[in-house]
Amino acid sequence: MTVCLETYTDYVHKDSLFKLVKDSKPQFHLFQTQGYYSIDIDKDQVYYKNSDETMTWKHICVSWKSSTGVIHFMVNGILYPRRVLKPGFLIDSDVSAVLGENIVPAVPGFSVGEPSFVGEIRKVNMWDRALPSEEMESMYISKWKRMRANIINWESVDYEVYGDVFLYKPWINA
């Protein structure tokens with residue numbers, strides 16, 4: 001499985017960026033805190049050091065291969081050290097993808113009513129396979145021009161908006 005997205009914020013706290021949820025329980029969760037990114041698969045976590053830099057777009061890709069548990073994590077074209085998490089675990093095919101929402105009482109460190117992500121999330125794409133780091137780097141270099149995701153494709157995704165969300169589409173004249 002691979003998920004790529006872009007984020008932009010001027011404020012980092014406990015920010016859920018992307019998660020796959022079934023029955024209110026995250027099976028995959030990518031979030032950031034002050035100083036760290038975290039990837040959570042079925043309640044097990046790995047952490048990656050994060051620069052505290054804000055006010056710049058961050059291109060984030062996470063690739064995870066279920067059979068081996070190997071994670072490739074890349075931010076702005078830079079590959080972080082590979083980690084292994086939850087080899088053999090299978091993410092259910094009947095999950096919902098959630099962007100930016102922190103209300104996850106089943107996850108340690110998050111509580112009901114905690115502020116959600118404040119900023120912009122765009123270009124969310126998901127594949128049903130673990131992309132190699134070279135392919136993720138190529139997408140970053142090409143500014144996502146050759147991206148053809150087969151599970152979530154940002155250009156053609158159907159979605160529902162809940163809460164205080166502004167959907168900005170600069171290509172549509174308001």
Side-chain angles (χ1 to χ4, degrees), residues 1-9 12 14-33 35-51 57-104 106-110 116-117 119 121-144 146-157 159:
M1 175 197 84
T2 303
V3 174
C4 294
L5 54 86
E6 287 187 347
T7 66
Y8 179 68
T9 186
V12 175
K14 279 186 184 170
D15 294 322
S16 176
L17 301 175
F18 179 91
K19 64 184 167 237
L20 297 174
V21 180
K22 179 171 177 135
D23 299 327
S24 300
K25 295 177 185 153
Q27 294 190 357
F28 174 87
H29 193 183
L30 168 64
F31 62 94
Q32 65 182 358
T33 61
Y36 291 91
Y37 288 106
S38 179
I39 299 166
D40 177 321
I41 298 175
D42 189 40
K43 298 182 187 171
D44 288 351
Q45 296 177 329
V46 293
Y47 296 92
Y48 294 93
K49 183 86 173 109
N50 175 8
S51 73
W57 281 101
K58 303 259 177 101
H59 170 98
I60 301 168
C61 282
V62 178
S63 167
W64 174 70
K65 188 166 188 166
S66 173
S67 62
T68 62
V70 172
I71 293 175
H72 293 144
F73 181 65
M74 187 173 285
V75 178
N76 290 344
I78 298 170
L79 180 65
Y80 284 65
R82 290 168 187 85
R83 306 268 169 81
V84 174
L85 185 64
K86 221 52 174 180
F89 179 74
L90 297 175
I91 293 176
D92 198 298
S93 61
D94 185 27
V95 292
S96 296
V98 180
L99 300 177
E101 182 185 63
N102 279 349
I103 301 173
V104 186
V107 174
F110 286 86
S116 293
F117 177 76
I121 299 176
R122 69 181 185 188
K123 297 184 182 176
V124 179
N125 290 276
M126 182 177 163
W127 294 258
D128 63 357
R129 64 185 181 92
L131 297 182
S133 56
E134 298 80 17
E135 195 169 337
M136 293 189 298
E137 182 182 31
S138 174
M139 285 188 302
Y140 174 73
I141 291 168
S142 71
K143 307 245 186 278
W144 303 59
R146 294 185 294 259
M147 198 165 5
R148 299 291 178 258
N150 66 339
I151 301 296
I152 298 173
N153 184 316
W154 189 249
E155 299 302 320
S156 61
V157 71
Y159 55 86

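Just so you know, these numbers use all the heavy atoms, side chains as well, and skip hydrogens, waters and symmetry mates. Quantities reported herein were computed from a predicted structural model and do not represent experimental measurements.
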Are [X] and [Y] packed together at the side-chain level, in the sense that at least one heavy-atom pair is separated by less than 4.5 angstrom?
X: T2; Y: M136; answer: yes
X: I41; Y: F89; answer: yes
X: L17; Y: L99; answer: no
X: I71; Y: V62; answer: yes
X: I121; Y: E6; answer: no
X: Y37; Y: I60; answer: yes
X: L30; Y: V3; answer: no
X: K19; Y: F31; answer: no

Chi angles and distances behind the side chain to side chain donor-acceptor pair (under 3.5 Å) call for Q45, Y47: CA-CA 7 Å; Q45 296 177 329; Y47 296 92; 2.4 Å; yes
Interatomic spacing from [atom1] in [X] to [atom2] in [Y] - rounded to 0.5 Å:
X: L85; Y: W64; atom1: CG; atom2: CH2; value: 7.5 Å
X: M126; Y: L5; atom1: CE; atom2: CG; value: 11.5 Å
X: I78; Y: S133; atom1: CD1; atom2: OG; value: 13.0 Å
X: M139; Y: E134; atom1: CE; atom2: CD; value: 11.5 Å
X: R122; Y: H59; atom1: CZ; atom2: NE2; value: 11.0 Å
X: E137; Y: M74; atom1: CD; atom2: CE; value: 5.5 Å

Does [X] have any side-chain contact (heavy atoms from CB on, under 4.5 Å) partners at least two apart in sequence or in another chain, and if so, which?
X: S96; result: none
X: P87; result: V84
X: T9; result: Y11, V12, Q32, F117

Pairs satisfying side chain to side chain donor-acceptor pair (under 3.5 Å), at least one member in residues 82-94, at least two apart: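 Sorted pair list: K22-D92, D42-K86, D44-K86, H72-R82.
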All side chain to side chain donor-acceptor pair (under 3.5 Å) counterparts of D128, not counting sequence neighbours: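 Expected list: N150.
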Under the side chain to side chain donor-acceptor pair (under 3.5 Å) test, residues paired with D23 that sit two or more places apart: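 For D23, no residue satisfies side chain to side chain donor-acceptor pair (under 3.5 Å) once neighbours in sequence are set aside.
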E101 vs S116, side-chain contact (heavy atoms from CB on, under 4.5 Å): CA-CA, chis, key distance, verdict: CA-CA 5 Å; E101 182 185 63; S116 293; 4.2 Å; yes
C4 and its side-chain contact (heavy atoms from CB on, under 4.5 Å) partner, picked from W154, F18, W127, Y140: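 Filter result, single survivor: W127.
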Audit row: F28, V21, side-chain contact (heavy atoms from CB on, under 4.5 Å) steps and yes/no: CA-CA 7 Å; F28 174 87; V21 180; over 6 Å; no
Charged tip of K49 within 45° of Y36 ring normal and under 6.0 Å: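 The answer is yes; both the distance and angle limits are met.
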E155 with R148: basic N within carboxylate O range, under 4.0 Å: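 Answer for the salt bridge query: no.
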